[in-house]
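Presented below is the structure to which this report refers.
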Amino acid sequence: MEKIGFIGLGIMGKPMATHLVKAGYPVFVLSSSANAAALMKEGAVLMNNSKELAGNADIIITMLPDSPEVESVLFKDGLEHSMIPGSLFIDMSTIAPATSIAIFNTLQQKGIGSLDAPVSGGQTGAEAATLSIMVGGSETAFKRALPVFEKMGKNIVHIGKPGSGQITKACNQIVVGLTIQAIAEALTLAKKSGVDIAKVRAALLGGFAQSKILDLHGQRIIDRNFKPGFKIKLHRKDMKIALQTGREVSVPLPGTVVVASQMDAIIAKGDGDLDHSALALYLESVSGL
Ligand code: NAD
């Protein structure tokens with residue numbers, strides 16, 4: 001089995017890496033965080049530094065917050081120089097498509113393959129190994145990575161050229177963000193009108209308005225459970241990626257602009273680490289609730 005270096009053991013990375021260890025892959029980690037310690041109990045091996053990790057791994061997977069962190073790990077911490085020619089770099093974080101393309105081009109010159117493979121499905125999908133994985137890069141690299149992806153996800157789609165996985169993820173985040181907005185608006189209207197929002201959710205779930213987001217995030221809003229999940233500051237980062245991509249190809253994204261500015265208001269208030277379903281809090285506060 002291919003030896004895997006996994007960097008970024010947060011809300012998503014920890015369960016994803018755990019599935020790989022449990023499937024029998026040799027998995028190497030860098031951090032000495034609590035999450036890494038839990039993973040080591042399952043059988044992952046701690047490396048002293050990036051050089052050691054890269055020297056031992058056939059495949060390196062990153063699951064980091066944003067483009068600067070992925071670039072830092074690759075180009076500042078020296079991973080790029082330590083990866084073995086013929087190895088494969090897979091970034092599963094959500095980052096700018098342009099960064100994914102630049103990484104692909106840089107690593108290609110060194111004989112190292114590269115895939116952008118962001119995911120959707122959230123913490124529950126990561127824990128259940130049912131993530132949707134959207135992949136940009138060569139067919140050969142995709143085929144090599146597929147058995148690894150199958151341990152973490154269910155709906156695995158090779159979209160096309162480098163960067164196209166990230167474009168797909170930007171589309172995903174527009175749909176998710178605007179759907180949360182719709183549900184938050186609807187439940188705020190119901191609440192201010194004195195109608196039981198749990199019953200509104202139950203009624204809507206049986207009709208044309210039903211969605212996974214109404215199901216999961218509607219319940220979060222009812223329960224006032226805004227523990228992440230997916231931090232609103234990370235979703236704001238994804239809206240920035242979508243808006244930047246829109247500008248590059250001259251597609252206005254008016255709904256995305258509105259939702260992004262409401263996320264800004266929540267972050268400015270100091271609530272950026274809440275789950276993205278906390279969009280409802282903004283609407284409630286401007287509605288006098
Ligand atoms: P997180 O903040 O929980 O985890 C990020 C991890 O990266 C942390 O463990 C942090 O210590 C580590 N890290 C940060 N900088 C680092 C560096 N320079 N070197 C090594 N490690 C570093 O975030 P998350 O929710 O797991 O999200 C990770 C990525 O997945 C993000 O791009 C996010 O947009 C995307 N994503 C998240 C979800 C979700 O529901 N949480 C769903 C789909 C995609």
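Computed from a predicted model, the values in this text were never measured in an experiment. Order of listing sets the numbers, starting from 1, for every ligand and every atom in it. Values reported hereafter were calculated over all heavy atoms of this structure, with side chains retained and with hydrogens, waters and symmetry mates removed.
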With the threshold set strictly below 4.0 angstrom, can you tell me whether any protein non-hydrogen atom sits that near atom 10 (C) of ligand 1? no

Out of all atoms in ligand 1, which are within 4.0 Å of some heavy atom of Gly122? Include the element for each. 40 (O), 42 (C)

Donor-acceptor under 3.5 Å (Thr130 side chain, Ala126 main chain): no

Specify the closest pair of heavy atoms between Asp116 and Ser164, including all atoms of both residues, with the distance to one decimal. OD2-N, 3.6 Å

Should Met92 be counted as touching ligand 1, given the test is an N or O pair under 3.5 Å? no

Who's closest to atom 28 (C) of ligand 1 heavy-atom-wise, of Leu64, Val176, Thr94, Asp77? Leu64

How far is atom 14 (C) of ligand 1 from its nearest protein heavy atom, and which residue and atom name does that atom have? Pro65 CD, 3.6 Å

Which of the ligand 1 atoms, numbered from 1, are nearer than 4.0 Å to a heavy atom of Leu234: 23 (O), 25 (O), 27 (O)

Using only atom types and a distance under 3.5 Å, with no angle test, would you say the side chain of Asp275 pairs donor to acceptor with the backbone of Ser277? yes

If we only count N/O pairs under 3.5 Å, is Gly8 in contact with ligand 1? no

Under 4.0 Å, counting heavy atoms only: does Lys169 come that close to any atom of ligand 1? yes

When distances are taken from atom 18 (N) of ligand 1, the protein heavy atom at minimum range is Val73 CG2, 4.0 Å

Does the N or O separation between Ile11 and ligand 1 drop below 3.5 Å for any pair? yes

Atom 34 (O) of ligand 1 - nearest protein heavy atom and its distance: Lys237 NZ, 2.8 Å

Tell me if a side-chain donor or acceptor on Ser120 pairs with a main-chain N or O of Ser132 at a distance below 3.5 Å. no

For Gln123, atoms of ligand 1 separated by under 4.0 Å from a heavy atom: 40 (O)

Scan the protein's non-hydrogen atoms and note whether one is under 4.0 Å from atom 21 (N) of ligand 1. yes

Ignoring hydrogens and geometry, is there a side-chain-to-backbone donor-acceptor pair from His19 to Glu127 under 3.5 Å? yes

Counting each atom of ligand 1 from 1 as listed, which ones have a heavy atom of Ser93 under 4.0 Å away? 32 (O)

Ser100 (side chain) donor-acceptor with Gly163 (main chain) under 3.5 angstrom: no

Hey, does the side chain of Gln166 reach the backbone of Ser93 with a donor-acceptor pair shorter than 3.5 angstrom? yes

Among the clusters formed by ILVMFWY side chains lying less than 4.5 Å apart, do Phe75 and Ile101 turn up in the same one? no

For Lys231, is the nearest heavy atom under 4.0 Å from an atom of ligand 1? yes

Please check: side-chain N/O of Asp271 versus main-chain N/O of Leu274, any donor-acceptor pairing under 3.5 Å? no

Side chain or backbone of Leu9 under 4.0 Å from ligand 1, or both, or neither, by non-hydrogen atoms? backbone

What protein heavy atom sits nearest atom 39 (C) of ligand 1, and how far away is it? Phe230 CD1, 3.3 Å

Measuring from atom 6 (C) of ligand 1, which candidate in Gly10, Ser132, Pro228 has the nearest non-hydrogen atom? Gly10

Compute the shortest N/O to N/O distance between Gly229 and ligand 1 and return yes if it is under 3.5 Å, no if not. yes

Just need the protein heavy atom nearest to atom 42 (C) of ligand 1, so name the residue and atom and give the distance. Met12 CE, 3.5 Å

If you measure from atom 15 (N) of ligand 1 to every heavy atom of Lys233, Met63, Met16, Glu69, which option wins on shortest distance? Glu69

Closest approach of Met239 to Leu178 (non-hydrogen atoms, all atoms of both residues): CE-CD1, 4.0 Å

State whether the side chain of Glu42 and the backbone N or O of Thr18 hold a donor-acceptor pair below 3.5 Å, judged by distance alone. no

Name the orientation class of the two ring planes belonging to Phe230 and His235 (parallel below 30°, tilted from 30 to 60°, perpendicular beyond 60°). tilted

Side-chain heavy atoms nearer than 4.5 Å, only ILVMFWY residues, links allowed to pass through others: does that put Leu64 and Leu115 together? no

